[in-house]
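Worksheet: one structure, shown below.
The figures here come from the full heavy-atom set of this structure, side chains too, leaving out hydrogens, waters and symmetry mates. By convention here, the first residue in the shown sequence is residue 1. Everything numeric here is computed off the predicted structure, so don't read it as measured data.
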Amino acid sequence: MSRGHWALLLPALLVLGCSEGEQAKPVAAQAQAAEEAAPQEAPPTPSPQPSAAAQAPGTPQDYNPKPLEDDVALPLPCGGEMVFRHVYILARGTLDDREISLGYPFNEGDPGYQQSFISGYRRDFINGQFVVEDLPEDWRSRIAPTLPIRQDDELLKPMLYFVGKYEVTERQYQQVMDQAPALAGAGEEVCTSVAGGVMARRPKVNLSRFEAERFAAVYSAWLLRHHRERLPISGRGSNPEDGGVGFVRLPTEVEWEFAARGGHAVSRQELEGRLFPRREEGVEGDGPLADWAVFTQVAGGTGQGARLLPVGSRKPNPLGLHDVIGNAAEMVHDPFQMVHAGRRQGTYGGFVVKGGNYLEGEMTLFTGMRREYPSFAADGSEQRNETTGFRVALGALSAPRSRYQELFEQWQREGRLAGLTDEIEAADDPTLLLDSIIAGSDDPELQARLALINEELKRNVSLIAQQRQEAAANLIQSAALVAETVNNYNIRLTNLQNSLNQARQAKDQTAVKLYESAIANGRSALDGAVSIYIDNLATGTRYSDAVIQAQFQRTRQELERQPVLGKSLVKRATLFVKHVGEYRQQRRADPAAILKELLAP
């Protein structure tokens, strides 16, 4: 019986489909010829299937050719490993999330303009499922030093998720799928001989979406049976059964694209670029895409000379992920939806493939690209092709029992007007008052109608809250820049005053008048900048202190990524938040005192 038929015996996999068709979608003849001509290492002489303990596991190079200090890994059968990179979002907790942009805002004439309804610009939301305390101890020690240092009074914490550092390779795929019969109760686990070298390290392609899902299910079953203690647990507590034990799955499209764009490692502006930043030490601007991606170098993407390469053959993106652009395209968890009016449209189609493949031309590649593939080929077999593979992610329950109280309390705070401003006490919140009216009514019809009104009110308050959070973050950045401008004006005034003194000593009256005029204009500009800064303080008090503090955390992280002004702007933003707190109490600001603090070293 074939390995594929054994896999069908796994109860958890029966719902996924079970076609064994091996037909592959053809690719360009030139690419096939190039692949056949590529140097390959000969496979070892076939040998009997040994036990899992007796088989050589391969080398670290087979699983992590470009190691980093904060890589984390899960075991694979036969002594292998699957390496992951962490991604984090600053959030209040599990129910909070971050709004991000996906796709690309095409202009007419841009390459890909006709794909606007497929890969066009749209908004979505992202959050992680794990906090540091949810992770195995060795993962914590590797990851914790890379996370923002959290102060006791800060409201946001890093929420993490995990994505495979590389595309799943042929070696890894075989090592996992060989265990399917044993996991289904038919025989012992085995480790068959695996061809070494570049063949084993190439991405696994020519498999269907169902087979990728089956791989994730078999791998999860194997981990839960043999290495449960190695898995993160969402909401880890004293009773592991109350938490959400991690499992392997395909990444969602939002998880994949946020990570592929650079995630927490890049600025908001860079996150929305056509391609992720490609930095080289000592070089300004982005490096050539060919150093980061495997694609055809022939104009138009004909496939000549293009071939699938081992994972890690190119440089990683800013998060440390390899081959998110080019090499094998990658399946994700979501069904396909078109893009309409800046959102995902309501029709569901085939499955989504991300990142482009090695037959693409450079001008067609961008981080937000996506394609739709059918689940089944024309003959009814599961759709496969020689350019599409996958990488895996770690998932868990989003709402485990251990986090129910936290989630409920967060949900209760959602949509409350008291969360928008310090002017309203929680007891005076109209949404709470409406709740009490509904609870006190004896008329079921009235209760139902008021409940609909209240839910709509809460929904709109939540939308306003999201807009206000974005506005508060922009205000903090803007005020930091104004404070930097005040400092620059003061430096210019100091230089002008020195020049004026020299002109007076030289008794150059023409120069004296010019410098006096320039100083007068400079002082006027300085006073105007201080006035704008104080206006920003007044505006800041329109947001609750909790909103200001939370957005300051996010803004500080954003500013720290700026290599030139970052440190100075963080200092200015910190002072602005302090001044907002003082203005909130005093309802006034002394321009002279503010200026003195802005100019302090």
I'd like to know if [X] pairs up with [Y] as an ion pair, taking the criterion as any Lys NZ or Arg NE/NH1/NH2 lying under 4.0 Å from an Asp or Glu carboxylate oxygen.
{"X": "Asp242", "Y": "Arg403", "answer": "no"}
{"X": "Arg249", "Y": "Glu213", "answer": "no"}
{"X": "Arg268", "Y": "Glu270", "answer": "no"}
{"X": "Asp70", "Y": "Arg142", "answer": "no"}
{"X": "Arg344", "Y": "Asp334", "answer": "yes"}
{"X": "Arg123", "Y": "Glu272", "answer": "yes"}

Side chain to side chain contact (heavy atoms under 4.5 Å, CB included) between Val87 and His264, worked out: CA-CA 7 Å; Val87 191; His264 63 260; 4.1 Å; yes
Indicate yes or no: at least one non-hydrogen side-chain atom of [X] is less than 4.5 angstrom from one of [Y].
{"X": "Glu558", "Y": "Arg561", "value": "yes"}
{"X": "Asn327", "Y": "Leu309", "value": "yes"}
{"X": "Glu229", "Y": "Pro136", "value": "no"}
{"X": "Gln383", "Y": "Arg209", "value": "no"}
{"X": "Glu280", "Y": "Pro288", "value": "yes"}
{"X": "Leu394", "Y": "Leu74", "value": "yes"}
{"X": "Ile126", "Y": "Glu255", "value": "yes"}
{"X": "Glu253", "Y": "Lys354", "value": "yes"}

Enter the distance from [X]:[atom1] to [Y]:[atom2] here, rounded to the nearest 0.5 Å.
{"X": "Gln115", "Y": "Met338", "atom1": "CD", "atom2": "CE", "value": "14.0 Å"}
{"X": "Leu207", "Y": "Thr388", "atom1": "CG", "atom2": "OG1", "value": "8.5 Å"}
{"X": "Phe276", "Y": "Leu289", "atom1": "CZ", "atom2": "CG", "value": "6.5 Å"}
{"X": "Glu170", "Y": "Arg201", "atom1": "CD", "atom2": "CZ", "value": "12.0 Å"}
{"X": "Arg391", "Y": "Leu250", "atom1": "CZ", "atom2": "CG", "value": "11.5 Å"}
{"X": "Glu360", "Y": "Arg371", "atom1": "CD", "atom2": "CZ", "value": "4.0 Å"}

Taking atom types as modelled, find out whether [X] and [Y] have a side-chain donor-acceptor pair closer than 3.5 angstrom.
{"X": "Gln175", "Y": "Tyr63", "answer": "yes"}
{"X": "His86", "Y": "Thr146", "answer": "yes"}
{"X": "Thr94", "Y": "Gln410", "answer": "no"}
{"X": "Thr347", "Y": "Gln345", "answer": "yes"}
{"X": "Ser101", "Y": "Tyr121", "answer": "yes"}
{"X": "Asp71", "Y": "Asn64", "answer": "yes"}

- request: Let me see the working for Glu133 and Lys157 under salt bridge (charged side-chain N to carboxylate O under 4.0 Å, His left out), right down to the final yes or no.
  value: CA-CA 12 Å; Glu133 292 74 21; Lys157 57 188 174 184; over 6 Å; no
Minimum-distance pair of heavy atoms, taken over all atoms of [X] and [Y]:
{"X": "Tyr161", "Y": "Ala259", "value": "OH-N, 3.7 Å"}
{"X": "Asp323", "Y": "Glu167", "value": "O-OE2, 3.3 Å"}
{"X": "Ile118", "Y": "Val339", "value": "O-CG2, 3.5 Å"}
{"X": "Leu183", "Y": "Arg225", "value": "O-NH2, 3.5 Å"}
{"X": "Gly244", "Y": "Ala396", "value": "O-CB, 3.4 Å"}
{"X": "Pro145", "Y": "Arg140", "value": "CD-O, 4.1 Å"}

Looking only at atom types and distance, does a side-chain atom of [X] sit under 3.5 Å from a main-chain N or O of [Y], one as donor and one as acceptor?
{"X": "Arg314", "Y": "His322", "answer": "no"}
{"X": "Glu409", "Y": "Glu406", "answer": "no"}
{"X": "Asn206", "Y": "Glu386", "answer": "no"}
{"X": "Arg401", "Y": "Glu241", "answer": "yes"}

Verify whether the ring centers belonging to [X] and [Y] lie closer than 6.0 Å.
{"X": "Phe210", "Y": "Phe376", "result": "yes"}
{"X": "Phe390", "Y": "Phe215", "result": "yes"}
{"X": "Trp222", "Y": "His227", "result": "yes"}

message: Between Asp138 and Arg230, is the salt bridge (charged side-chain N to carboxylate O under 4.0 Å, His left out) condition met? List the steps.
response: CA-CA 9 Å; Asp138 62 318; Arg230 300 292 305 130; 3.0 Å; yes
- request: For the pair Ser398 and Gln129, evaluate side-chain hydrogen bond (donor to acceptor under 3.5 Å, both in side chains) and give the outcome as yes or no after the intermediate values.
  value: CA-CA 6 Å; Ser398 295; Gln129 294 177 296; 3.3 Å; yes
task: Could you walk me through whether Thr387 and Val205 pass side chain to side chain contact (heavy atoms under 4.5 Å, CB included), step by step?
output: CA-CA 6 Å; Thr387 60; Val205 293; over 6 Å; no
message: Could you go through Arg261 and Leu275, starting from their C-alpha distance and side-chain angles, then the distance that decides it, and tell me whether this counts as side chain to side chain contact (heavy atoms under 4.5 Å, CB included)?
response: CA-CA 7 Å; Arg261 288 176 175 272; Leu275 288 162; over 6 Å; no
- prompt: Counting only heavy atoms not in Phe125, do more than 12 fall under 6.0 Å of its CZ?
  reply: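 More than 12 heavy atoms, drawn from other residues, nucleotides or ligands, come within 6.0 Å of this atom.
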message: Within the supplied structure, the quantity of interest is the number of heavy atoms (other residues, nucleotides, ligands) at a distance under 6.0 Å from Glu69 CD; does it exceed 12?
response: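 Open: at most 12 neighbouring heavy atoms sit under 6.0 Å from CD of Glu69.
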message: Let's go through Gln553 and Gln557 carefully: what are the C-alpha distance in whole Å and the side-chain angles of both, what is the deciding distance for side-chain hydrogen bond (donor to acceptor under 3.5 Å, both in side chains) to 0.1 Å, and is it a yes or a no?
response: CA-CA 6 Å; Gln553 276 186 258; Gln557 184 190 38; over 6 Å; no
query: Checking ring-ring contact (aromatic ring centres under 6.0 Å, His included) for the pair Trp411/Tyr404: CA distance, chi angles, key distance, verdict?
result: CA-CA 10 Å; Trp411 177 81; Tyr404 257 68; over 10 Å; no
- prompt: Within 45° of the six-membered ring axis of Tyr104 and under 6.0 Å from that ring's centre, is NZ or CZ of Arg274 located there?
  reply: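 Satisfied, under 6.0 Å and within 45°.
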query: After noting the C-alpha distance and the side-chain angles of Trp256 and Glu330, does the key distance pass the side chain to side chain contact (heavy atoms under 4.5 Å, CB included) rule?
result: CA-CA 9 Å; Trp256 188 99; Glu330 300 176 24; 2.7 Å; yes
